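Here the structure comes first, spelled out in structure tokens, and everything after it is commentary.
Because the structure is a prediction, the values reported are computed rather than measured.
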Amino acid sequence: MAILKPRTLSGFMELLPAPQQQMERIMEVLRQTYSLYGFTPLDTPIIEASEVLLAKGGGETEKQIYRFSKGDADLSLRFDLTVPLAKYVAMHYSELSFPFRRFQIGKVYRGERAQRGRFREFYQADIDIIGDGSLAPINDAEIPAIIYKVFSTLGLKRFQIRVNNRKILNGFYAMLGLSELSGDVMRTVDKLDKIGADMVRSILVDDYSVPEEKADEILKFIAISGGSETILQALEGYRGRNSLFDEGLDELSLVVKYLRAFGVPAENFVVDLTIARGLDYYTGTVYETTLLDHPEVGSVCSGGRYDNLAEYYTEKQLPGVGTSIGLTRLFYVLGEQGMLNPDLPTAPTDVLILPMTEDLAPAVSFATLLRENGVRAQLHCEEKKFKAKISYADKLCIPYVVFLGEDEIQAGIVACKDMSTGEQTKLDPAATVYRIKAGLAEKNKGSVILE
RNA sequence: GUGGGUGUAGUUCAAUUGGUAGAGCACCGGAUUGUGGUUCCGGCUGUCGUGGGUUCGAGUCCCAUCACCCACCCCA
């Protein structure tokens, strides 16, 4: 029979056991942190009816979505978790209590060209708050505050949550009489960091026929920088010329105020007038989080406020605000930068038990004793050389190896080796368990996921 | 979708002007039969991405194709 060469599609991340453990650990932090803020876990299908996912129609989504048919059904893989949430909320409206706060960690799919830090299958870790009819502006501040909490709990320090408000942008472009072009202009301006002010100006003027003096106005506007307070003050100078703008400015001021109240340090958030975010359902506050040392991989977390999440599925007005961590991308960057703490235990078990007698019963009993005490234990009963079994423990970084031979069983003790020091103890089973537990507690002390 | 690059053992890569393929790592075995990580010795592996062409002869040149990577687009 011919051997087929195994392969994994490009843009799909497949991890070895140890890094997978790291990934799971990060997810666990996310779940716990989200729960801490009153968010409930949610899961929705990876596959949905195409009509549901493409309700909005057109645009990039349609080009990038994985779509296929099975029999008569027209199906698609979800490309984010927000659209399925909209469907979910509209569908279960009467059974949910609002404001509805849910988190969801799941894989999403985008049929685009894979690249460094850009995947076709990746995890998003979303949190959203959906209101019934209205949703207080403080929620716009709480979302980034949670992201701050998540990132700092992971041990990450060099990150910045950038905040902006679409009403400010749309209001500003309306002042200039450029409402029609605001989408194109925003997309161009969004590239400021990458291509520079001159380039932005020439694209505006040459490609979108923005009058030169207006292009200069735009450049002057997006050049506003400094601390959040400075920027807000500068924006006050534009007040009174457009009601949408004023509304946006009020919201942004409130977000800044409450972010401070939530305890987010000034160095981790900034008002940035250039960010706009692609997904066009955002209507107010928008967020984008970047790793300061790795801006080139782009945003690792972004989101914002949408006035009417579920407009395609219900008549009800359901405003929401939320954000999505690009977990796969984040993990990829952290791994590439060697920031995943190598001292964190990634072993699949704490104790490897090597029975050396025909009768395996004593080893099984000891494994049971360990497990009853909450210690992860594994028996290695295969026909392998003794050496190979120790080497197995070594490769998997299993901290303890227990030997159970005739001598030990006769004496009613177990021999336990600490793999990191090489020390070996011979104590009775209960004492050994106690010792292992103490040792594990010591080894895990103060370990952070990132360093 | 557009533009550029690359494709050689499990992996990272090497092979002079075209003459029928090598190294590190990994893996397996050994250094007295119940003790790993270091060291030493030994061993295994390839349809040189695929198909065609030029040539006495191609991993090395040409064409096609596929795959992967990078940039743009867009985005987590």
Base, sugar-phosphate alone, or nothing: which one does A:T323 contact when heavy atoms must sit under 4.0 Å apart? nothing
Is A:D80 salt-bridged to A:R110, cutoff N-O under 4.0 Å? no
Side chain A:D394 and base B:G37 donor-acceptor under 3.5 Å: no
Give a yes or no on whether a salt bridge exists between A:K167 and A:E251, defined as a side-chain N under 4.0 angstrom from a carboxylate O. yes
Let me spell it out: for each of A:K194 and A:G117, pick the nucleotide of RNA chain B with the closest heavy atom. Which residue's pick is nearer the 5' end? A:K194
Rounded to the nearest Å, what distance is computed from the CD1 atom of residue A:I161 to the P atom of nucleotide B:A76? 16 Å
Using a 4.0 Å heavy-atom cut-off, does A:Y123 contact any base of the nucleic acid, only the sugar-phosphate backbone, or nothing at all? nothing
Quick one about A:D74 and A:S69 (side-chain donor to acceptor, distance below 3.5 Å, no hydrogens or angles considered), yes or no? no
Which whole-number value in Å describes the distance from A:I275 CD1 to B:C75 P? 13 Å
Find the distance A:E112:CD to B:C70:P and express it as a whole number of Å. 13 Å
Considering only the P atoms, how many Å lie between B:A23 and B:G36, rounded to the nearest integer? 29 Å
Rounded distance in Å between the P positions of B:G59 and B:G7: 15 Å
Check this one for me: any side-chain N or O of A:S302 less than 4.0 Å away from OP1 or OP2 of B:A76? yes
If you measure from the C1' atom in B:G37 to the same atom in B:U20, how many Å do you get, rounded? 43 Å
Below 4.0 angstrom, N of the basic side chain to O of the carboxylate: do A:D128 and A:R101 qualify? no
Distance, P atom - from B:A71 to B:A64, rounded to whole angstrom: 26 Å
Counting only side-chain nitrogens and oxygens, does A:T328 get under 4.0 Å of the OP1 or OP2 atom of B:A76? no
Quick one: ring-ring contact (aromatic ring centres under 6.0 Å, His included) pairs with a partner in residues 13-50 of chain A, sequence neighbours left out? A:Y34-A:F103
Span that lies between the P atom of B:G18 and that of B:C61, in whole angstrom: 8 Å
Give me the distance, rounded to whole Å, that separates B:C27 from B:U45 when you measure between the C1' atoms they each carry. 10 Å
Are any of A:S299's side-chain N or O atoms less than 4.0 Å away from OP1 or OP2 of B:C75? no
Could you state the CG-C1' distance from A:D190 to B:C75, rounded to the nearest angstrom? 10 Å
Test side-chain hydrogen bond (donor to acceptor under 3.5 Å, both in side chains) applied to A:Y148 - qualifying residues, sequence neighbours left out: none
For the C1' atoms, the ones on B:U2 and on B:C74, what distance do you get once it is rounded to whole angstrom? 13 Å
side-chain hydrogen bond (donor to acceptor under 3.5 Å, both in side chains) pairs touching residues 352-371 of chain A, sequence neighbours excluded, are none
Does A:E28 come within less than 4.0 Å of A:R25, counting only side-chain N to carboxylate O? no
Once pairs are restricted to Watson-Crick or G-U wobble with both distances under 3.5 Å, how does RNA chain B read as a dot-bracket string, [ ] for crossings and | for other-strand pairs? (((((((..((((........)))).(((((.......))))).....(((((.......))))))))))))....
Counting only side-chain heavy atoms from C-beta out, which of B:C74, B:A71, B:G36 sits nearest to A:Q115? B:A71
Integer-rounded Å distance: B:C75 C1' and A:F122 CZ: 7 Å
Looking for any heavy atom pair under 4.0 Å, which part of the strands does A:Q124 touch: base, sugar-phosphate only, or nothing? sugar-phosphate
Given protein heavy atoms under 4.0 Å, the one-letter contact record of nucleotides 27-35 of chain B, with B base, S sugar-phosphate only and - none, is simply SS-S---BB
Candidate pair A:S76 and A:E48, rule side-chain hydrogen bond (donor to acceptor under 3.5 Å, both in side chains), full reasoning: CA-CA 6 Å; A:S76 291; A:E48 298 264 10; over 6 Å; no
Output the rounded distance in Å from CZ (A:R116) to C1' (B:C75). 16 Å
Say you pick atom P in B:C25 and the same atom in B:G42; how far apart are they, in whole Å? 14 Å
Could you check A:V300 against A:R113 and say which one's nearest nucleotide on RNA chain B is further toward the 5' end? A:R113
In terms of side-chain heavy atoms of A:M419, which of B:G36, B:C74, B:A76 is nearest? B:G36
When rounded to whole Å, the CG to P distance for the pair A:D80 and B:C74 reads 18 Å
According to the side-chain hydrogen bond (donor to acceptor under 3.5 Å, both in side chains) rule, which pairs have a member within residues 345-354 of chain A, sequence neighbours left out? A:D350-A:R376
Could you check how far CD of A:E336 sits from P of B:C69, rounded to whole Å? 13 Å
Carboxylate-amine/guanidinium contact A:E51 A:K87, below 4.0 Å: no
Short N-O contact, A:K443 and A:D418, less than 4.0 angstrom: yes
Classify the side chain of A:R187 versus the base of B:C75 as yes if they form a donor-acceptor pair under 3.5 Å and no if they do not. no
